Amino acid sequence: MKQEELAALLKEIIRDEKRILTDKVDLYSYSYDASFGTYLPDIVVLVMSTTEVAAIMKLANKHGIPVYPRGQATSLSGGPLPVHGGIVLDLSKWDDVLKVDAEDMVAVVSPGVLTADINDAALEVGLIYPPDPSSSNVSTIGGNLAENSGGPRGLKYGVTKDYVIGLEVVTPEGEVIRTGGRTVKNVTGYDLTKLIVGSEGTLGIITEATLRLYPKPQATKTMMAVFDDIVDSGKAITKILSSGILPSKLEIMDNATIQAVEAYEPLGLPVDAEAMLLVELDGHPAAIDEEILRVEKVCKETEARTVKVANTSEEANELWRARKLVSPAIVREKPTKISEDATIPRSKIPDMFQRLKEIREKYNIDLVVFGHAGDGNLHPNIIADKRDKEEMRRVEQAVEEIFKAAIELGGTLSGEHGIGTLKAPFMEMELGEVGLDMMKRIKESWDPNNILNPGKIFPQPGQRLVLTNG
């Protein structure tokens, strides 16, 4: 169907023509996300209601037009990329509903609400929304739901799916369904809520979500431990958690990351250390005062060179500043950042670090490692220049080996970034032929015409990892 014909049909649904974009300059701005690849849509629609989404999906089904839901496009795996053209549904402006019910401890939100705004609204009544992806200040809750986003607090509080108790969803065929509700317990039939969360927009378009909130912790404590041996830091992680202490955050930075941050902004970090742990405890003040001493003792017993406990919130913020500066620091030397999130069992963290060291040397790449050590969700980041084709070929080979290493160590391709286009070629490696086929059957059942976010999760024959735009 020609763009003019499609635009005319969409104008019967969207009365405000300003919300239908057809100019090339607008289409190009929707052709990419935070990952790799550029794909031009045929048309973009800024949707603002469930009725509009349902009508567009019915139209798309009738004419076989692919539809790609999109939030703020912070996806690191190619989740919203319109790989087959068609319609991009921009839900990022649909933020009219953000209701917090303190008595039921839930929030009801539109898909375009920023994730950080939900937590801010909850804080006003003494509650929190625990999932805290690093992009929470710019990412929409709809995108977080699609990718089942995590974050540093995932160790103690879990990830996005653990807080979703109800959804309004438009199916690929344009029907509107509700899953779950406002109750914490709900075992009525299949758990469609959990199926849709994390399905990366391939099974339905979320138009409203009911989220569980949590009481705000009374106090927090932060500590930094420095290690000369990465293996010792891994042992410390295991001992902390096996001692009955569950930190709200337990982050790790390797030597390359520490050096990058210190070069970017001098903070007095130990640039000769092999690893650094950042630990945050939260809860009752008396309890965490005792627990922080136990964590300090464990770190010293596992050969920590130094341990520093923050005595004020200002000191704590200063310690966490190093972690927050990682992303801008590591792209100082080269402009292209490939951010992965291979996740392995906690006990295998030292083994994974060894494998990553071997991969770094084998392919002569700039690789730094940081991440959520408490739940084994590491973030190997490769810094490169996409204009250097030879370097990018080496990077592609290295990324493939990182995925293989994670799976061989009992881990997974992705802890929180999703599969999208980038990791699709490796799905069978983790799931096996039968496991992947079962997922395909679910997709075919929900979306028989394969129009909702096609080209994601499931690999095409011969598809391989490509990290160059085009």
Side-chain angles (χ1 to χ4, degrees), residues 46-53 69 71-72 74 90-170 176-188 191-194 196-198 201 204-220 248-249 280 282-285 313 416:
L46 283 70
V47 289
M48 300 293 286
S49 74
T50 303
T51 303
E52 290 176 352
V53 175
Q72 291 277 57
T74 57
D90 181 354
L91 294 95
S92 65
K93 305 302 181 186
W94 185 0
D95 60 358
D96 57 319
V97 177
L98 172 48
K99 300 176 182 176
V100 173
D101 186 326
E103 186 174 358
D104 284 343
M105 296 175 64
V106 299
V108 179
V109 297
S110 298
V113 172
L114 296 185
T115 305
D117 290 347
I118 301 171
N119 189 57
D120 290 343
L123 284 169
E124 292 178 6
V125 293
L127 302 172
I128 61 171
Y129 175 63
D132 60 336
S134 60
S135 60
S136 61
N137 287 315
V138 292
S139 62
T140 63
I141 187 62
N144 285 182
L145 293 164
E147 300 290 352
N148 188 23
S149 301
R153 288 201 294 228
L155 168 62
K156 181 173 182 177
Y157 292 101
V159 294
T160 297
K161 70 178 179 181
D162 298 311
Y163 293 88
V164 187
I165 57 175
L167 296 173
E168 179 185 77
V169 179
V170 176
V176 181
I177 63 171
R178 282 194 170 271
T179 72
R182 291 172 67 96
T183 59
V184 175
K185 290 183 178 180
N186 186 328
V187 292
T188 306
D191 192 343
L192 298 181
T193 304
K194 292 291 193 293
I196 293 165
V197 175
I205 298 174
I206 296 168
T207 52
E208 185 182 272
T210 302
L211 308 172
R212 186 164 61 95
L213 303 177
Y214 196 87
K216 178 187 175 184
Q218 296 179 43
T220 62
S248 53
K249 299 178 184 177
E280 180 183 275
D282 66 9
H284 189 280
S313 58
E416 57 190 10

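Keep in mind that what you see is a predicted model, and the values were worked out from it rather than measured.
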Item to check | Pairwise side-chain contact, Leu91 with Thr140, heavy-atom cut-off 4.5 Å (strictly under) | outcome: no
Checklist outcome for this item: Separation between CG (Asp101) and CG (Leu211), nearest 0.5 Å, reads 12.5 Å
Checklist entry - Got a donor-acceptor contact below 3.5 angstrom from the Asn148 side chain to the Gly150 backbone? => result no
Item to check | Summary of ring-ring contact (aromatic ring centres under 6.0 Å, His included) pairs that have at least one residue in residues 109-146, sequence neighbours excluded | outcome: none
For residues 102-115, please give each side-chain donor-acceptor pair under 3.5 Å, one per line with the distance, not counting sequence neighbours.
residue, atom, partner, partner atom, Å
Asp104, OD2, Arg182, NH2, 3.2
Ser110, OG, Asp96, OD1, 3.0
Ser110, OG, Val97, N, 3.1
Thr115, OG1, Ser139, O, 3.4
Thr115, OG1, Asn144, OD1, 2.5

Next on the checklist: Working to the nearest 0.5 angstrom, can you tell me the gap between Leu155 CG and Glu280 CD?
Outcome noted: 11.0 Å
Item to check | Exam field: side chain Glu52 to backbone Val47, donor-acceptor pair closer than 3.5 Å | outcome: no
Checklist entry - For Ser136, which residues count as a side chain to side chain donor-acceptor pair (under 3.5 Å) partner, sequence neighbours excluded? => result none
Validation: residues 160-169 side-chain donor-acceptor distances under 3.5 Å, sequence neighbours left out:
residue, atom, partner, partner atom, Å
Thr160, OG1, Ser149, N, 3.4
Thr160, OG1, Ser149, O, 2.7
Asp162, OD2, Val159, N, 2.8
Tyr163, OH, Tyr157, O, 2.5
Glu168, OE1, Thr50, OG1, 2.6
Glu168, OE1, Thr207, OG1, 2.7
Glu168, OE2, Arg178, NH2, 3.3

Checklist outcome for this item: CZ (Arg153) and CG (Asn119) are apart, to the nearest 0.5 Å, by 5.5 Å
Next on the checklist: Among residues at least two apart in sequence or on other chains, which ones pass side chain to side chain donor-acceptor pair (under 3.5 Å) with Ser134?
Outcome noted: none
Next on the checklist: Are Pro69 and Val53 packed together at the side-chain level, in the sense that at least one heavy-atom pair is separated by less than 4.5 angstrom?
Outcome noted: no
Next on the checklist: The criterion is side chain to side chain donor-acceptor pair (under 3.5 Å); which residues satisfy it with Glu416, sequence neighbours excluded?
Outcome noted: His372, His379
